[in-house]
Amino acid sequence: MQLLDAHFPSETESFFLASVILSQRSGAGDPSDREETSYQDEASTISRDLVDALRELHVIEDEPLRHLIDGLTLHVRAAIWRVRNGNQIHSDTPRQIMVSIPLLYDFTRKQMSIAEERHGISFNESEIAYIAMYLDTIYETSARDSTVLNVLFLCSFGLASSSILMMRLSHVLGECHVHGPMTTADAESFLAENPIDLIISTSEFSWEKTPVLIVDPLLSQGALEKVKNELAQASYSKMCTHFLRSYAKAEHTMDLPHFIHDLIRRDDIQVGVDCSDWREAIRIAAAPLLKRGVVEQHYVERMICAVEDYGPYMVLTPGTAYVHAGIHDGIKENCLAMCVLSSTIPFGPADEKHIRTIIVLGVRDKEQSDLLKLAPILEREENILLLERDDLEIDDVLHLHG
């Protein structure tokens, strides 16, 4: 440990690396050593079960992902070693993981609860968060072809100017399928027949349900950074949609709640709320839970801090933010609350997203997976349209179904 401390400033980082090395030694020892073999077998079994669970959502080919799957097995082996020796990871990094990949984190937590019961092991949320990173990378790598962005470029300038703009954009568009350039006059007929995830235009243009990014015709550095950020947001949204639809399809035969009233109490739902600030909207959404005493004020402020620190990753379905904090941030029991605003408001530290609905997730027990039950309901197009109605009633919300 002293040698590692000289190279790693964080004690947590030093311990983490030491546990990996020691777990590897235990996995490479005498095959007759029952304890060492147990670590190795448990890790391989858990790793295989996790990948198999992902495989139910999307095709996963082992060989192209061998390095990731082997890395997952190695990490699980080290995690088991830490559990058995009473030295699990405790750090702030998992909080960022939980916020930035909430769907895969929730999925991992659900799968790990099964592994815990089978193997008599209890992993804390930090250990689960690191495992979730592996599963997220495996899933995103496997689903990459299905989630490539379709981008339409609109330019009202001449062919030469458009070609120059396209050349500059090509450096940030990466693997996107780019259509255009075309004029706004040609865009409507094209959009009516082709699915587009993002429109980049040099002049004012709007298209229902498709985000439009208006850029400086000269494509300054600031404009390019704006394009990069919008692409990241659009790519994340498409990945979330793909995951939720795959998950809903895989789980359709399970005995899961299919209505909002199966998940959220009537008294914890608010509709038609006037509010223009996302921070205040979170406080309003959490008010029923505070009143019932199932969360503390600290939990509400930690939810706001999570958005300020890590951005709008909690916007998982169109127009809806799923906000939450950690299980040690002042939550007493599992709970959910929902607030539908009277109009759309900007959300995030830089107003990156626009939302109309806020879901407050209170997760105390890691076995619960209400996010994966609720998000597929609110991802459905007909439900999104209903939540945008001015005459929305609480009964309408309660009867939304997946």
Item checked: Stepwise side chain to side chain contact (heavy atoms under 4.5 Å, CB included) check, Arg389 with Asp396 -> CA-CA 10 Å; Arg389 284 172 39 184; Asp396 298 325; 4.2 Å; yes
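- Sorted by first and then second residue, the ring-ring contact (aromatic ring centres under 6.0 Å, His included) pairs involving residues 176-196 (not counting sequence neighbours) are His179-Phe190.
- Checking side-chain atoms of Asn85 against main-chain N and O of Trp81 turns up a donor-acceptor pair under 3.5 Å.
- In the displayed structure, Tyr313 atom OH is contacted under 6.0 Å by at most 12 heavy atoms of other residues, nucleotides or ligands.
- Counting only residues at least two apart or on different chains, the ring-ring contact (aromatic ring centres under 6.0 Å, His included) pairs with a member in residues 41-60 are His58-His242.
- For the pair Trp278/Ile304, a side-chain contact is recorded, criterion being any heavy-atom separation below 4.5 Å from C-beta on.
- Between Asn334 atom CG and Leu263 atom CG the span is 12.0 Å, to the nearest 0.5 Å.
- Between Tyr130 and His75, the angle of the ring planes lies from 30° to 60°, which puts this pair in the tilted group.
- A donor-acceptor pair under 3.5 Å is formed between the side chain of Asn124 and the backbone N or O of Ser126.
- A donor-acceptor contact shorter than 3.5 Å links the side chain of Thr73 to the backbone of Ile69.
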Checklist line | Stepwise side chain to side chain contact (heavy atoms under 4.5 Å, CB included) check, Val323 with Phe347 | finding: CA-CA 11 Å; Val323 296; Phe347 181 85; 4.2 Å; yes
Margin query: Between Asp267 and Lys291, is the salt bridge (charged side-chain N to carboxylate O under 4.0 Å, His left out) condition met? List the steps.
Written below: CA-CA 10 Å; Asp267 291 344; Lys291 184 177 180 180; over 6 Å; no
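- Asp52 meets the salt bridge (charged side-chain N to carboxylate O under 4.0 Å, His left out) test with Arg55; sequence neighbours excluded.
- Looking only at side-chain heavy atoms (C-beta outward), Glu280 and Ile284 come within less than 4.5 Å of each other.
- With Ser47 contributing its side chain and Ser44 its backbone, the two residues share no donor-acceptor pair below 3.5 Å.
- Using a 4.5 Å cut-off on side-chain heavy atoms (C-beta onward), Tyr236 and Leu316 make contact.
- One finds no salt bridge joining Glu388 and Arg356 here, because no Lys/Arg side-chain nitrogen approaches an Asp/Glu carboxylate oxygen to under 4.0 Å.
- The backbone N or O of Ser122 lies less than 3.5 Å from a partner atom in the side chain of Gln88, making a donor-acceptor pair.
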Would you list the atom pairs, donor with acceptor, under 3.5 Å between side chains in residues 226-233 and any protein atom, with sequence neighbours excluded?
unit_1, atom_1, unit_2, atom_2, d
Lys228, NZ, Glu225, OE2, 3.4

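- More than 12 heavy atoms of other residues, nucleotides or ligands sit less than 6.0 Å from atom NE2 of His298.
- We find the CG-CG distance between Leu213 and Leu154 to be 11.0 Å, quoted to the nearest 0.5 Å.
- More than 12 heavy atoms of other residues, nucleotides or ligands sit less than 6.0 Å from atom CD of Glu382.
- Residue-environment remark: CD (Glu308) exceeds the threshold of 12 foreign heavy atoms within 6.0 Å.
- Here Ser343 contributes atom OG and Asp390 contributes atom CG; the two are 9.5 Å apart, rounded to the nearest 0.5 Å.
- Residue pairs meeting the salt bridge (charged side-chain N to carboxylate O under 4.0 Å, His left out) criterion with at least one member in residues 326-344, sequence neighbours excluded, are Arg302-Asp329.
- Atom NE2 of His324 is separated from atom CG of Leu336 by 12.0 Å, given to the nearest 0.5 angstrom.
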Next item on the list: Could you please spell out the steps behind the side chain to side chain contact (heavy atoms under 4.5 Å, CB included) verdict for Met303 and Leu361?
Entry: CA-CA 10 Å; Met303 288 192 292; Leu361 294 160; over 6 Å; no
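- Distance check, rounded to the nearest 0.5 Å: CD1 of Ile358 to CD1 of Ile345 gives 5.5 Å.
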Next item on the list: Carefully, step by step, assess Tyr105 and Ser100 under the rule side chain to side chain donor-acceptor pair (under 3.5 Å).
Entry: CA-CA 9 Å; Tyr105 175 79; Ser100 60; over 6 Å; no
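- Within the 4.5 Å cutoff, the side chain of Glu188 has no heavy atoms near those of the Leu191 side chain.
- Put simply, CD1 on Ile131 and CZ on Arg109 are 13.5 Å apart, with the number rounded to the nearest 0.5 Å.
- Checking Arg84, Arg118, Arg48, Arg77 one by one against Glu42, the salt bridge (Lys or Arg N to Asp or Glu O under 4.0 Å) holds for a single residue, Arg84.
- Considering only heavy atoms from C-beta on, Ile80 comes within 4.5 Å of Ile46 through its side chain.
- Below 30°, between 30° and 60°, or above 60°: for Phe107 and Tyr247 the angle between ring planes is above 60°, a perpendicular geometry.
- Between Asp262 and Lys373 there is no salt bridge, since none of the side-chain N atoms of the basic residue sits less than 4.0 Å from a carboxylate O of the acidic one.
- Checked by atom type and distance alone, the side chain of Asn383 pairs as donor or acceptor with a backbone atom of Ile377 at under 3.5 Å.
- Annotation: side chain of Leu54 is in contact with side chain of Leu104 (closest heavy-atom distance under 4.5 Å).
- Side-chain contact between Arg292 and Cys335 is present, with heavy atoms from C-beta onward closer than 4.5 Å.
- The environment of CD in Glu381 is crowded: more than 12 heavy-atom neighbours from other residues, nucleotides or ligands sit within 6.0 Å.
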Check: Between Leu290 and Val295, does a side chain to side chain contact (heavy atoms under 4.5 Å, CB included) hold up when you go through it step by step?
Finding: CA-CA 5 Å; Leu290 278 170; Val295 302; 4.0 Å; yes
What donor-acceptor contacts under 3.5 angstrom involve side-chain atoms of residues 142-153, with partners at least two apart or in another chain?
unit_1, atom_1, unit_2, atom_2, d
Ser142, OG, Ile138, O, 2.9
Thr147, OG1, Ala143, O, 3.1
Thr147, OG1, Arg144, O, 3.4

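- Nearest heavy atom pair, residue Cys339 against residue Ala285, reads CB-CB, 3.5 Å.
- Between Leu378 and Ile359, some side-chain heavy-atom pair lies under the 4.5 Å cut-off.
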